[in-house]
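Some notes on the structure that comes next.
What's counted below: heavy atoms across the whole structure, side chains too, no hydrogens, waters or symmetry copies. Treat the numbers as computed from the prediction; the structure is a model and nothing was measured.
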Amino acid sequence: MNIKIISVGKLKEQYLKDALKEYEKRLNSFCKLSVIEVAPELITDEALYDKYKDLEADRILQSVKTGAYVITLEIKGKKLSSEGFAQKIKEITNNGISDIIFIIGGANGLSERVSNIADFKLSFSDMTFTHQMIRILLTEQIYRAFKINANEQYHR
């Protein structure tokens, strides 16, 4: 199983980088995880807001592999429990798909062009999180999903 996380922006704080490294290490026995960071656009003119999102979309779409199952993280996506998320991962793999791509937008939001290619739209909450924090939460949930699907204990 190959899992790719495409995220707008970089992790800045060391504690977040350390958390990501820890989950990457834990995931090694379950999948090959790669993280692609695309450069964000700095908004200098609010009138060009959609143009900025489209420029980010161009960068995101360059890293999307044909045939992969694409999951975008969107506030209006479907909310799943950890068990439901694990089941979704299992369904994808049971359908013979070996590449899953998760896409996290940046401060400008996610372009409609990116949203439109999603096979599934996932929401973690009605709240808004920074792309840095959601990347850690997503990676942890991917790890938890693999542990659940392997019938291994992760939490009480």
Any side-chain heavy atom of Leu55 sitting closer than 4.5 Å to one from Lys53?
no
Shortest non-hydrogen pair, Ser123 vs Gly77, comes out as CB-O, 3.4 Å
Out of curiosity, Gln141 CD to Leu122 CG, how far, rounded to the nearest 0.5 Å?
9.0 Å
Note, Ser82 side chain near Ile148 side chain (heavy atom, < 4.5 Å):
yes
What pair of heavy atoms forms the shortest contact from Phe124 to Leu73, and how long is it?
CE1-CD2, 4.0 Å
If you round to the nearest 0.5 Å, how far is OH of Tyr23 from OG1 of Thr139?
9.0 Å
Scan residues 56-67 for pairs that pass salt bridge (Lys or Arg N to Asp or Glu O under 4.0 Å), counting only residues two or more places apart or in two chains.
Glu41-Arg59, Asp58-Arg113, Lys65-Asp99
Given side chain to side chain contact (heavy atoms under 4.5 Å, CB included), test Leu27 with Lys25 step by step and report yes or no.
CA-CA 5 Å; Leu27 279 165; Lys25 182 176 75 175; over 6 Å; no
Identify, with sequence neighbours excluded, every residue that meets ring pair (Phe, Tyr, Trp, His ring centres under 6.0 Å) alongside Phe146.
Phe30
Please name the pair of heavy atoms, one in Ser115 and one in Thr72, separated by the smallest distance, quoted to 0.1 Å.
CA-CG2, 4.5 Å
Would you indicate whether the side-chain heavy atoms of Ile92 and Phe120 approach each other to under 4.5 Å?
no
The criterion is salt bridge (Lys or Arg N to Asp or Glu O under 4.0 Å); which residues satisfy it with Lys88, sequence neighbours excluded?
none
As an exercise, state the distance from CG of Leu20 to CD of Glu22, rounded to the nearest 0.5 Å.
10.5 Å
Can you confirm whether Glu24 is buried at CD, in the sense that more than 12 heavy atoms of other residues, nucleotides or ligands lie under 6.0 Å from that atom?
yes
For the atom pair OH (Tyr69) and OG1 (Thr93), what is the distance rounded to the nearest 0.5 Å?
11.5 Å
NE2-CD1 distance between His131 and Ile136, expressed to the nearest 0.5 angstrom:
10.5 Å
Quick one: are Tyr52 and Asp54 in side-chain contact, heavy atoms under 4.5 Å?
no
For a side chain to side chain contact (heavy atoms under 4.5 Å, CB included) check, start with the C-alpha distance between Glu37 and Arg135, then their side-chain angles and the critical distance, and finish with the verdict.
CA-CA 11 Å; Glu37 295 175 331; Arg135 191 183 323 173; 2.9 Å; yes
Please name all residues satisfying side-chain contact (heavy atoms from CB on, under 4.5 Å) with Ala107, sequence neighbours left out, ordered by chain then number.
none
Heavy-atom check, side chain of Asn2 versus side chain of Leu33, under 4.5 Å
no
Transitive ILVMFWY cluster of Leu61, excluding itself - 4.5 Å side-chain cut-off:
Ile6, Val8, Ile36, Val38, Ile60, Val64, Val70, Ile101, Ile103, Leu110, Val114, Ile117
In terms of side-chain geometry, is the basic nitrogen of Lys17 or Glu13 positioned less than 4.0 Å from the acidic oxygen of its partner?
no
Take Gln87 and Glu91 through the test side chain to side chain contact (heavy atoms under 4.5 Å, CB included) and record every step on the way to the result.
CA-CA 6 Å; Gln87 182 61 37; Glu91 288 171 10; 3.6 Å; yes
Residues passing the salt bridge (Lys or Arg N to Asp or Glu O under 4.0 Å) test with Lys79, sequence neighbours excluded, are Asp126
Separation between CD1 (Ile104) and CE (Met133), nearest 0.5 Å, reads 12.5 Å
Side chains of Ile71 and Lys121: does their closest heavy-atom pair fall under 4.5 Å?
no
Transitively linked via ILVMFWY side-chain contacts under 4.5 Å: Tyr15 with Leu11?
yes
Please answer: with hydrophobic residues joined when any side-chain heavy atoms are less than 4.5 Å apart, are Ile75 and Ile5 in the same cluster?
no
